[in-house]
Asks: 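Sending over a structure as structure tokens; questions will come in a sec.
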Number of protein chains: 2
Amino acid sequence: MTETNFSRKHSEGYQVNHMARLFIRAIQDRIKPLGLSTGTFPVMLALWEKEGQTQRELVQELGVEQATMANTLSRMERDGLVVRRAHEADARVQTVWLTERARGLREPAIRAASEVNDLATRGMSDQQRAEFTTLTTQVIANLSEA
Amino acid sequence: MTETNFSRKHSEGYQVNHMARLFIRAIQDRIKPLGLSTGTFPVMLALWEKEGQTQRELVQELGVEQATMANTLSRMERDGLVVRRAHEADARVQTVWLTERARGLREPAIRAASEVNDLATRGMSDQQRAEFTTLTTQVIANLSEA
DNA sequence: CAATTATATATAGCAAGCTATTAAAATGGA
DNA sequence: TCCATTTTAATAGCTTGCTATATATAATTG
């Protein structure tokens, strides 16, 4: 009887949700002084990797909905992190570029994120940490295909 | 150099956030027909366990902020899932009770959540599934004390 | 017992996620 | 070529999370 035994504490969905909220709080604390947030950080990572991507490319890469990305980019533009430039060949498309200031945030932001990752996995062996990533990757794959 | 090697795909924080969004989508799909949502579900679980809890007790049990709980309870009251009754001894306190309809949702809601948990852990051995819970619990503990 | 402090809840306002809809531009077929 | 379809992005409106602040009631203390 999975149903009658069900408990919050042993439900993967509940645990993951709780864990994600704790991650968000910890990262937020550390990147807020840089003018970044948990919504903008993944976009920054994608753009530090490759600037000039289109909104559609960012959506596919980060796995959020198109409307979420549009809103996030608007806030980022408002806050001076990115600029949107018209695509030269397709008037529907906007390409996204970092501002000079945003380019400079890479090192401290990544340092902050690494710090949180280390804190989160404190007390784990390298093997356990690798196992956590492996299992997480599998859950993502399982839920993505459904 | 953790910093220069940093990649989204191998950052625990990023992975966990992504995984949590996928869980939310999967559970939402299945409990929406019941009139439930991912914000209300944990509250329902707590109340199915024990009715008449105060807002403060629910806050402590579920680990969300007080303001978040207040808003969630307001929506639940609006949607006919709970009623708030004055505490008999302390006029500051409201106790929270399920409606008849809400009591009847327990079985189908838990079935839906179990289904998502099974889907998420598909392809894992019992041992791996237990390991996932263990590691997740440790991350929650690590981030909670900080 | 009055005044301060502590506790419980509510409200304001923002971020970041979602679905659904709209608008504009590009593409493709008759 | 022109009309219908597809693609890209923006907007509206909702939930769920947060911080900061306000308000009301209890509790404590001088």
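The structure presented is a predicted model; accordingly, all values stated were derived computationally and were not measured. In what follows, every chain begins at residue 1, and chains take the letters A, B, ... in the order their sequences are listed.
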Asks: Which whole-number value in Å describes the distance from B:Ile31 CD1 to C:dC18 P?
Replies: 16 Å

Asks: Send over the distance from B:Lys32 NZ to C:dC18 P, rounded to a whole Å.
Replies: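 For the pair B:Lys32 NZ and C:dC18 P, the rounded distance is 13 Å.
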
Asks: Please state how far atom CG in B:Leu36 lies from atom C1' in D:dC14, giving the value in whole angstrom units.
Replies: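 Distance, rounded to whole Å: 17 Å.
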
Asks: Report the distance from atom CZ of A:Phe41 to atom P of C:dA16, rounded to the nearest whole Å.
Replies: 13 Å

Asks: For A:Asn17 and D:dG17, give me the distance from atom CG to atom P, rounded to whole Å.
Replies: 6 Å

Asks: Given atom CE of A:Met44 and atom C1' of C:dA16, what is their separation to the nearest angstrom?
Replies: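 Between C1' of C:dA16 and CE of A:Met44: 17 Å.
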
Asks: Reading DNA chain C from 5' onward, which residue's closest nucleotide shows up sooner: B:Arg21 or A:Ala89?
Replies: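 Going by which nucleotide is closer to the 5' end, it is B:Arg21.
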
Asks: Would you call the rings of A:Phe41 and B:Phe6 parallel, tilted or perpendicular if under 30° counts as parallel and over 60° as perpendicular?
Replies: parallel

Asks: Within this structure, what is the CZ-to-P distance between A:Phe23 and D:dC18, rounded to whole angstrom?
Replies: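 Atom-to-atom, A:Phe23 to D:dC18, this comes out as 16 Å.
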
Asks: Using a strict 4.0 Å threshold on nitrogen-to-oxygen distance, state whether A:Arg8 and B:Glu49 make a salt bridge.
Replies: no

Asks: Check the distance between D:dT15's C1' and B:Leu81's CG and give it to me in whole angstrom.
Replies: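 So the two atoms are 14 Å apart, to the nearest Å.
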
Asks: Reading nucleotides 1-15 of chain C from the 5' end, what letters show protein touch, with B for base, S for backbone sugar-phosphate only, - for no heavy atom under 4.0 Å?
Replies: ------BSBBB---S

Asks: Report the distance from atom CZ of B:Arg122 to atom CG of A:Leu143, rounding to the nearest 0.5 Å.
Replies: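 Atom-to-atom, B:Arg122:CZ and A:Leu143:CG are 9.0 Å apart.
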
Asks: Starting at the 5' end of DNA chain D, which residue's closest nucleotide do you reach first, A:Asp29 or B:Ala91?
Replies: A:Asp29

Asks: Should the ring pair A:Phe132 and B:Phe132 be called parallel, tilted or perpendicular, given that the plane angle runs from 0 to 90° and is split at 30 and 60?
Replies: parallel

Asks: Knowing that exactly one of A:Arg84, A:Arg85, A:Arg103 qualifies, which makes a salt bridge (charged side-chain N to carboxylate O under 4.0 Å, His left out) with A:Glu51?
Replies: A:Arg103

Asks: Shared ILVMFWY cluster between B:Ile31 and B:Leu81, side chains joined below 4.5 angstrom?
Replies: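 Same cluster.
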
